[in-house]
Amino acid sequence: MTAQTAEQRDLTAVIGLEVHVQLETETKIFCGCSTRPDGDEAPNTRTCPVCLGLPGALPVLNEGAVEAAVKVGKALGSEIPEETRFHRKNYYYPDLPKNFQITQYDAPVCDGGEIEFSVDGERRTVGIERAHLEEDPGSLAHAGGSIDTAEYTLIDYNRAGTPLMEIVTEPDFRGAAEARAFLAKLTEVLEYLGVFDTTRDGSLRVDANLSMIDATEVDKDGDIDTATLESANRTEVKNISSHKGAEKALAYEETRQKNAIQRGREIEQETRHWDESRGITVSMRSKEEEKDYRYFREADLPPLRVSGWTEEIDIPELPDARRERFREAYGLDPESASKLTSTKQVADFYERIADRFDPDLAATWVADNLLGELHYRDMAITDISARLDEFARLVELVDTDEIAVKNAEEVVLRRMLDDDLDPDAIVEAENLGKTDDDAVATAVGEALEANPEAVKDYHAGEDGALNYLVGQVMAETGGSADPGTVNELLRKRLES
């Protein structure tokens, strides 16, 4: 193929994801070591003979990890088989002390399923091929920060043996933005299930497979023939640890492959490393095939039968269902309902406020005011969840007309977050109690008398004159007057 012919090709990206999720359990998947770092722990201290792979050590399966996996499968709409088994996946890598990983091969705990999500205002559905349990390897620290330039690499086995669930998608993505939106929705579902903690280091890691094919190979329904997929050389990109990182890595890799094809070069089937600091992928090794891992049954773990147990495991209300309930029960618009169900913690916080006040008022204060101020400070709702009663008191001060909304938003809420004070203390310290009607009327009269030019401008039709006068009254009352009341009084006086 000539370079000129290659340039004329209309190419489409085909992307599949392997999402590795650390499950929220107290202990590791095959031993009693804790999964929770103990403060500023030293490397290689949260370990035992089992997770270090020492000779003679035998694994014992963590029941909590299996229960979490079943919850994930039910949320994805997967089939939970009658029997599932563990295998050994054999490969050498420094972070794998046994030289094999205990995982699942031809009998995963979750088979099939799908996730529906939105991207750029459109609904998309991505198929789940499988989801299976396995153990996490250790973690590597490359001196110098980059795998291809490091002088040496350090290994920490504290993470080794943490329960992992690998969720493998069908190759249904056609762009990097779709992958990011999918990961956001998957994370949301996992958080609602209570099986996932985003604050853990390495809690979600992504391997992404990407290949480029001719756009003509995609039918009108977006499907691609199996033979076309199998014949396309693909790269696997590793070391992706965030939604944003997945989008950047895939966008880079799509551009790299497209440029190579347009220059008439073949895409090498290989594994590449996402170097986040440089924003590029670098070649690691040739891509392994399934046969290279020499899977065989894990003889130290018996077959796992969970089908009868599955029906006893309940899952909580999931994000889409809760979003719809918020719209129906509280009369919220789609945007507010989406904000208020963005995480389970936010949804729980809102419902506790909505139980005390008008749902619309509660939605305004949680979705717009509180979340906005938290985002500005790089904080999460979990950082202030213990102060729910203080926040409810702030809403009460507004609801009972004891302080002006502007002061509540711009002074009280901000000082609550910045200075860790309760609202009543701030109102007293700042003298923010509502000015009585007589004092407001006096301030209006004084503003009109002191600003005759603004009065003339108002009668001449100048739009900004009234706002200027409102500002003068608010300044005179120290911001404690209600702007709506001030506006109304000024108009009456000016029109009389």
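Keep in mind that what you see is a predicted model, and the values were worked out from it rather than measured.
Shown here for L301 and P59, the closest heavy-atom pair between the two residues is CD2-O, 3.8 Å. Annotation for V195 and K71: closest pair CG1-CD, 4.2 Å, computed over non-hydrogen atoms. Heavy-atom minimum distance, A232 versus Q269: O-OE1, 4.1 Å. Shortest non-hydrogen contact noted between K74 and I313 is NZ-O, 2.6 Å. Of all non-hydrogen atoms in S139 and D95, the two that sit nearest each other are N-CB, 4.5 Å. Smallest separation of non-hydrogen atoms from T343 and I381: OG1-CG2, 4.5 Å.
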* To do: For the pair L23 and F196, evaluate side-chain contact (heavy atoms from CB on, under 4.5 Å) and give the outcome as yes or no after the intermediate values.
  => CA-CA 5 Å; L23 297 177; F196 177 65; over 6 Å; no
* To do: Begin with the C-alpha distance, continue with both residues' side-chain angles, and end with the deciding distance and a verdict on ring-ring contact (aromatic ring centres under 6.0 Å, His included) for F173 and F182.
  => CA-CA 9 Å; F173 302 99; F182 167 86; 5.2 Å; yes
* To do: Give the intermediate values and the outcome of side-chain contact (heavy atoms from CB on, under 4.5 Å) for residues Y330 and E351.
  => CA-CA 10 Å; Y330 299 120; E351 291 221 78; 2.4 Å; yes
* Applying side-chain contact (heavy atoms from CB on, under 4.5 Å), run through V126 and L17 and close with a yes or a no. => CA-CA 10 Å; V126 163; L17 301 181; over 6 Å; no
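Annotation: E83, atom CD; neighbour count of heavy atoms from other residues, nucleotides and ligands within 6.0 Å is above 12. For D378, the CG atom counts as loosely surrounded, since its 6.0 Å shell holds 12 or fewer non-hydrogen atoms of other residues, nucleotides or ligands. Heavy atoms of other residues, nucleotides or ligands lying less than 6.0 angstrom from CG of D106 number more than 12. Taking a 6.0 Å sphere around CD of E82, one finds it holds 12 or fewer heavy atoms contributed by other residues, nucleotides or ligands.
We find that K344 and E188 are not joined by a salt bridge, their nearest charged nitrogen and carboxylate oxygen being 4.0 Å or further apart. Using a 4.0 Å cut-off between a side-chain N of Lys or Arg and a carboxylate O of Asp or Glu, R323 and D320 qualify as a salt bridge. Ionic pairing of R377 and E373 is present here: one or more N-O contacts between side-chain nitrogen and carboxylate oxygen are shorter than 4.0 angstrom. For the pair E410 and R414, the salt-bridge criterion is not met [side-chain N within less than 4.0 Å of a carboxylate O]. Looking at R352 and D348, no side-chain N of the basic residue comes within less than 4.0 Å of a carboxylate O on the acidic one, giving no salt bridge. Salt bridge R325/E328: absent, no basic N to carboxylate O contact under 4.0 Å. Under the 4.0 Å criterion applied to side-chain N and carboxylate O atoms, E236 and K238 are assigned as salt-bridge partners. The residues D207 and R272 are annotated as not salt-bridged, no charged nitrogen and carboxylate oxygen being separated by less than 4.0 angstrom. Here E135 pairs with K98 in a salt bridge; the nearest charged N to carboxylate O distance falls below 4.0 Å. A salt bridge does not link R124 to D172: none of the charged side-chain nitrogens sits closer than 4.0 Å to a carboxylate oxygen.
Between Q22 and D136, the side chains place a donor N or O and an acceptor N or O closer than 3.5 Å (distance only, hydrogens not considered). Using modelled atom types, one finds no donor on one side chain facing an acceptor on the other under 3.5 Å when comparing N44 with T47. E253 and T235 share a side-chain donor-acceptor pair at under 3.5 Å. With no hydrogens or angles considered, no side-chain donor-acceptor pair links D214 and T216 at under 3.5 Å. Side-chain contact annotation: T103 with H87, donor-acceptor N/O pair under 3.5 Å absent. The closest side-chain donor-acceptor pair between T27 and N62 falls under 3.5 angstrom.
Side-chain contact between V168 and I128: absent, with no pair of heavy atoms (C-beta onward) separated by less than 4.5 Å. Contact of the R205 side chain with the L164 side chain is registered, since non-hydrogen atoms from C-beta on lie closer than 4.5 Å. In this structure the side chain of V237 never reaches within 4.5 angstrom of the side chain of L210, judged on heavy atoms. Put simply, the side chain of I384 reaches to within 4.5 Å of the side chain of L370, judged on heavy atoms.
Atom-to-atom distance recorded for L250:CG and I15:CD1 is 4.5 Å, nearest 0.5 angstrom. Note that the OG atom of S211 and the CD1 atom of I261 stand 9.0 Å from one another [nearest 0.5 Å]. Atom CD in E270 sits 10.5 Å away from atom CE in M284 (nearest 0.5 Å). The CG atom of L140 sits 9.5 Å away from atom CG of D156, with the distance rounded to the nearest 0.5 Å. With values rounded to the nearest 0.5 angstrom, E324 atom CD is found 11.0 Å from L332 atom CG. The CD atom of Q262 sits 6.5 Å away from atom CG of L11, with the distance rounded to the nearest 0.5 Å.
Distance alone, capped at 3.5 Å, is enough to place a donor-acceptor pair between the T364 side chain and the D360 backbone. One N or O on the side chain of E298 and one on the backbone of D300 form a donor-acceptor pair closer than 3.5 Å. A donor-acceptor distance shorter than 3.5 angstrom exists from the side chain of K28 to the backbone of A160, with no hydrogens or angles considered. With hydrogens and angles ignored, the 3.5 Å screen pairs a side-chain donor or acceptor of E178 with a backbone N or O of R174. Counting only distance, with no hydrogens or angles, the side chain of Y192 and the backbone of T341 share a donor-acceptor pair below 3.5 Å. Between the side chain of D333 and the backbone N or O of S336 there is at least one donor-acceptor pair closer than 3.5 Å. Remark: the backbone N or O of E335 is not paired with any side-chain donor or acceptor of S338 at under 3.5 angstrom. At least one donor-acceptor pair under 3.5 Å links the side chain of R159 to the backbone N or O of G138. Without hydrogens or angle criteria, N158 side chain to R46 main chain gives a donor-acceptor distance under 3.5 Å.
In this structure, R285 fails the cation-pi test against Y92, since its NZ or CZ atom is not both closer than 6.0 Å to the six-membered ring centre and inside 45 degrees of the ring normal. Annotation: cation-pi geometry not satisfied between R88 and F296 (NZ/CZ under 6.0 angstrom from ring centroid, within 45° of ring axis). The side-chain tip of K89 points at the ring of Y293 from less than 6.0 angstrom away and within 45° of straight on.
Taking the six-membered ring where the residue is Trp, W274 and Y252 present tilted rings, their angle falling between 30° and 60°. Between W365 and F391, the ring-plane angle classifies as perpendicular under the 30° and 60° cut-offs.
Here side-chain hydrogen bond (donor to acceptor under 3.5 Å, both in side chains) pairs that include residues 160-171, with residues two or more places apart or in two chains, are H20-E166, H132-E166.
Remark: R387 pairs with E390, D420 by the salt bridge (Lys or Arg N to Asp or Glu O under 4.0 Å) rule, at least two apart or across chains.
Taking the centre of each ring, F86 and F30 come in below the 6.0 Å mark. A ring-centre distance under 6.0 Å is found for Y350 and F326.
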I'd like a table of donor-acceptor pairs (distance under 3.5 Å, sequence neighbours excluded) in which one partner is a side-chain atom from residues 112-122, with atom names and distances.
residue: E116; atom: OE2; partner: R123; partner atom: NE; Å: 3.0
residue: E116; atom: OE2; partner: R123; partner atom: NH2; Å: 3.3
residue: S118; atom: OG; partner: R123; partner atom: NH1; Å: 2.6

